[in-house]
Amino acid sequence: MQKTTEEIKIVLERILPQVAKPGRYFGGEYNQIVKDWDTIDFKVALAFPDIYDLGMSNLGLMILYDIVNKHKNLLAERAFSPWTDMEALMRMEEIPLYSLETKHPIREFDLLGISLPYEQLFTNALNLIDLAGMPIRSVERDETYPLIIAGGHACYNPEPVAPFIDVFVIGEGEEAILEIIGVMRAAKNLDRQTQLRYIAQIEGCYVPRFYDISYREDGNIEAITATMPEAPARVLKTIVPQLPPPVTEFIVPFIETVHNRAPIEIMRGCTRGCRFCHAGMVTRPVRERPVEEVLAAMEAIIRSTGYEEIALLSLSSSDYTHVLELTQKIGERFGDAGLNISLPSLRIETVSTQLMDNLGDSRRGGFTLAPEAATEKMRNTINKYVTNEELLETAREIYRRNWRTIKLYFMIGHPTEAMEDVQAIIDLAKQVLAEGRKVHGKKASVNVGVSTFIPKPHTPFQWEPMDDLAHVEEKLALLRRELRGPGLRLRWNDTQESTFEGLLSRGDRRLAPVIEHAWRKGAKFDAWADHFQETAWQEAMAEEGIDSKFYTHRRRTLDEIFPWEHIDIAVTKKFLSKDYLMSLEQETRIDCRHHCFACGILPELKELRRETPAEAWQCPPVRKRPGAKAKEPEPFLVDNIPLTVV
């Protein structure tokens, strides 16, 4: 029998002095929201399956926390994975996973929402469910357990963890979570199977148990079949046409977190079309936040939190239409406040001298640029073309404005890459350093980050294999040998860890037993290099007869059925395959803000969002497909109980 809330509080007082960073586990932070548990009729636990230090910097978690708690008759509370020392004590003392706000066991909530932004969290998600005292497999949890939903970028291929989650939210969760809550409140007295049949009708909701997967003799997928009439053959992602109001009352942690700052999302989506970029494809179309809304949010954040740094977030911040106006007005309004502004994800070709001047007082760290490749051939292949001279000119202007460190990010293992393309990375980094030396002498530096290419789902490169491990190691050896000495610093991803990520991101439902077995052998915190248990994973794959290379190092044919075939990001497979074939010929596409390539995103979404004004979408106009008819939205089979907004 689980401990009660009061019993949990008593035990915590005794054991917290025994663990590192006890501030991770007791809540009570400034701006946390605590409601009267007994007067709320639907309770949501929002969990990030990694430690508090990381989870508290996750904007998606805080957005949902803010949205749910705006309703008087709902509450949302937080939970995170305990570190190993705390977990050992929790299991010894039989303390279940609990919420930080009120210390209620997660088992007592009506809904558990798990954020999965990256695949290495899969074993932590299982561990989190188990710590909560619940069966890890969905079919073993009836309506007496909280409904477990998951969302985030790792859910665009949900199949490797499909047996463990009741519902995946494909796409953006701001509206979907309230629709799910509405159905669950209305159907609270029904059995779990019936509840899930209603939820399957909500836009973007994928219920894995309602789909059968059949396989061919060669191991490839033969068909993905919906087994319930309520389950759509293809689950179209859910999307908000306009960004919801930004969070302004961020919870202020007692301990240092990975990002000690307040984030504001200024733009969602990207129009660049980099062929390796999963986020750029799945977050289409582009939506931008008005300048005045950003400025008002900044003022509110400063008043409510006292943060001294604000991050203006997007996939490509310098592509934000009003970036110059915004940064100029930030300087005018907050210039004397000592506020530091970070603008990550800047593109070389859109970093203007005026933008640098507007950011002139924000020099806490280095200036980050991501050329990704260093030769014309490779840039054409990945559709991220910028000349070396453009990069060097940008570097000159950065150094002239008193930045002394430039961070350059590259990727190795791209399709068609050769050793001379890797040598070009070395040459280009040294050229950038030479520009810095002209201004700052030996104080100038260049930090080079190198990651290994992973052909992600829903991208034009999804048909490609990962580069051979021996080739990647040879390329890394060259980089380590040459990128050394004063002013140069190299960081790289471990090749085995990249292969592991590729396995999980490209896997199918047959990986679920592997994940479960690896977890039972002790695998967790797989994203932490010093905790990754390669032996546990190898043993689990051997036990299940899984060859990881089938998923990671095998080229797909254009007609192959992917494990994520039934997950529809509204960018058509036809568009992606054509773009892939263009990459083989080193053909590029310009930014689709300037020319529409009919990727499919707008016709699909406009049918669903007929009430949304066209100007809400920031893509070029697209003609409606011939013969396409507007679809009447199907009503829920269970009436929603209205939510009362504060």
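If you read the sequence from its start, that first residue is 1, and numbering goes on from there. Worth saying up front: this structure is predicted, and the values here are computed from it rather than measured.
Applying the salt bridge (Lys or Arg N to Asp or Glu O under 4.0 Å) test to pairs two or more places apart or on separate chains, those with a residue in residues 118-139 are R91-D130, E119-K456, R137-E516. Among pairs with a residue in residues 43-52, none fulfils salt bridge (Lys or Arg N to Asp or Glu O under 4.0 Å), at least two apart in sequence or across chains.
Using a 4.0 Å cut-off between charged side-chain N and carboxylate O, K188 and E143 make no salt bridge. Look at E172 and K237 and you find no salt bridge, because none of the NZ, NE, NH1 or NH2 atoms lies under 4.0 Å from a carboxylate O. Remark: R268 does not engage E288 in a salt bridge, criterion side-chain N to carboxylate O under 4.0 Å. Taking 4.0 Å as the cut-off between side-chain N and carboxylate O, K35 and E77 do not count as a salt-bridged pair. Electrostatic pairing of E292 and K329 counts as a salt bridge here, judged by a charged N lying under 4.0 Å from a carboxylate O.
When all heavy atoms of T283 and C270 are compared, the closest pair comes out as OG1-N, 4.2 Å. Closest approach of P246 to I264, counting heavy atoms only: CB-CG2, 4.3 Å. Minimum heavy-atom separation, L121 to S115: CD1-O, 4.2 Å. Heavy-atom minimum distance, T257 versus D53: CB-O, 3.3 Å. The nearest pair of heavy atoms linking L190 to Y198 is CD1-CE1, 3.5 Å.
The environment of CZ in F26 is crowded: more than 12 heavy-atom neighbours from other residues, nucleotides or ligands sit within 6.0 Å. Atom CD of E174 sits in a crowded spot, with more than 12 heavy atoms from other residues, nucleotides or ligands closer than 6.0 Å. Annotation: E140, atom CD; neighbour count of heavy atoms from other residues, nucleotides and ligands within 6.0 Å is above 12. Counting heavy atoms of neighbouring residues, nucleotides and ligands inside a 6.0 Å radius, atom CG of D36 exceeds 12 of them.
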Below 3.5 Å, can you tabulate the donor-acceptor pairs from side chains in residues 152-166 to any protein atom, sequence neighbours excluded?
{"from": "N157", "atom 1": "OD1", "to": "E159", "atom 2": "N", "distance (Å)": "3.4"}
{"from": "N157", "atom 1": "ND2", "to": "S505", "atom 2": "O", "distance (Å)": "2.9"}
{"from": "N157", "atom 1": "ND2", "to": "G507", "atom 2": "O", "distance (Å)": "2.9"}
{"from": "E159", "atom 1": "OE1", "to": "R509", "atom 2": "NE", "distance (Å)": "2.8"}
{"from": "E159", "atom 1": "OE1", "to": "R509", "atom 2": "NH2", "distance (Å)": "3.0"}
{"from": "E159", "atom 1": "OE2", "to": "Y206", "atom 2": "OH", "distance (Å)": "2.6"}
{"from": "E159", "atom 1": "OE2", "to": "H566", "atom 2": "NE2", "distance (Å)": "3.3"}
{"from": "D166", "atom 1": "OD1", "to": "S138", "atom 2": "OG", "distance (Å)": "2.5"}
{"from": "D166", "atom 1": "OD1", "to": "R141", "atom 2": "NH2", "distance (Å)": "3.2"}
{"from": "D166", "atom 1": "OD2", "to": "I148", "atom 2": "N", "distance (Å)": "2.8"}

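Side-chain atoms of D66 never come within 3.5 Å of backbone atoms of V247 as a donor-acceptor pair (strictly under, hydrogens ignored). Counting only distance, with no hydrogens or angles, the side chain of Y65 and the backbone of I33 share a donor-acceptor pair below 3.5 Å. Between the side chain of E309 and the backbone N or O of S342, no donor-acceptor pair lies under 3.5 Å. With hydrogens and angles ignored, the 3.5 Å screen pairs a side-chain donor or acceptor of S304 with a backbone N or O of T248. Of the possible donor and acceptor atoms, none in the side chain of E501 sits under 3.5 Å from a partner among the backbone N and O of Q120. In this structure a side-chain-to-backbone donor-acceptor pair under 3.5 Å is missing from E29 to F254. Counting only distance, with no hydrogens or angles, the side chain of E265 and the backbone of L313 share no donor-acceptor pair below 3.5 Å. Panel note: side chain N124, backbone P49; a donor-acceptor pair is recorded below 3.5 Å. Although no hydrogens or angles enter the test, the distance criterion places no donor-acceptor pair under 3.5 Å between the side chain of E497 and the main chain of D494. Looking only at distances, a side-chain donor or acceptor of S57 sits under 3.5 Å from a matching main-chain atom of H259.
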Kindly indicate, with the supporting measurements, whether the criterion side chain to side chain contact (heavy atoms under 4.5 Å, CB included) is fulfilled by E93 and R14. CA-CA 11 Å; E93 299 284 351; R14 175 165 51 85; 2.9 Å; yes
Start with the C-alpha distance between M184 and F42, add both sets of side-chain angles, then the distance that settles side chain to side chain contact (heavy atoms under 4.5 Å, CB included), and finish with yes or no. CA-CA 9 Å; M184 286 299 293; F42 197 91; 3.7 Å; yes
Evaluation steps, side chain to side chain donor-acceptor pair (under 3.5 Å), between Q242 and R289: CA-CA 8 Å; Q242 293 175 306; R289 196 180 297 285; over 6 Å; no
After noting the C-alpha distance and the side-chain angles of I67 and I63, does the key distance pass the side chain to side chain contact (heavy atoms under 4.5 Å, CB included) rule? CA-CA 6 Å; I67 286 174; I63 288 173; 3.8 Å; yes
Let's go through L112 and L46 carefully: what are the C-alpha distance in whole Å and the side-chain angles of both, what is the deciding distance for side chain to side chain contact (heavy atoms under 4.5 Å, CB included) to 0.1 Å, and is it a yes or a no? CA-CA 6 Å; L112 170 61; L46 297 173; over 6 Å; no
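Using a 3.5 Å distance cut-off with no hydrogens or angles, the side chains of T123 and D526 do pair a donor with an acceptor. Looking at Q18 and D85, their side chains never bring a donor and an acceptor atom within 3.5 Å of each other. T238 and E175 form no side-chain donor-acceptor contact under 3.5 Å, judged by distance and modelled atom types alone.
Remark: M86 CE to L12 CG distance equals 5.0 Å, nearest 0.5 Å.
The aromatic rings of F48 and Y118 lie perpendicular to each other, with more than 60° between the two planes, well past the 30° mark. Between H104 and W37, the two ring planes are parallel [angle under 30°; tilted spans 30° to 60°]. Y52 and F80 have perpendicular rings, their planes meeting at more than 60° on a 0 to 90° scale where under 30° would count as parallel.
Between W519 and F122, the gap from one ring centroid to the other reaches at least 6.0 Å. A centroid separation of 6.0 Å or more is found between the aromatic rings of H517 and W537.
Annotation: cation-pi pair R107/Y145 present, NZ/CZ under 6.0 Å from the ring centroid and within 45° of its normal.
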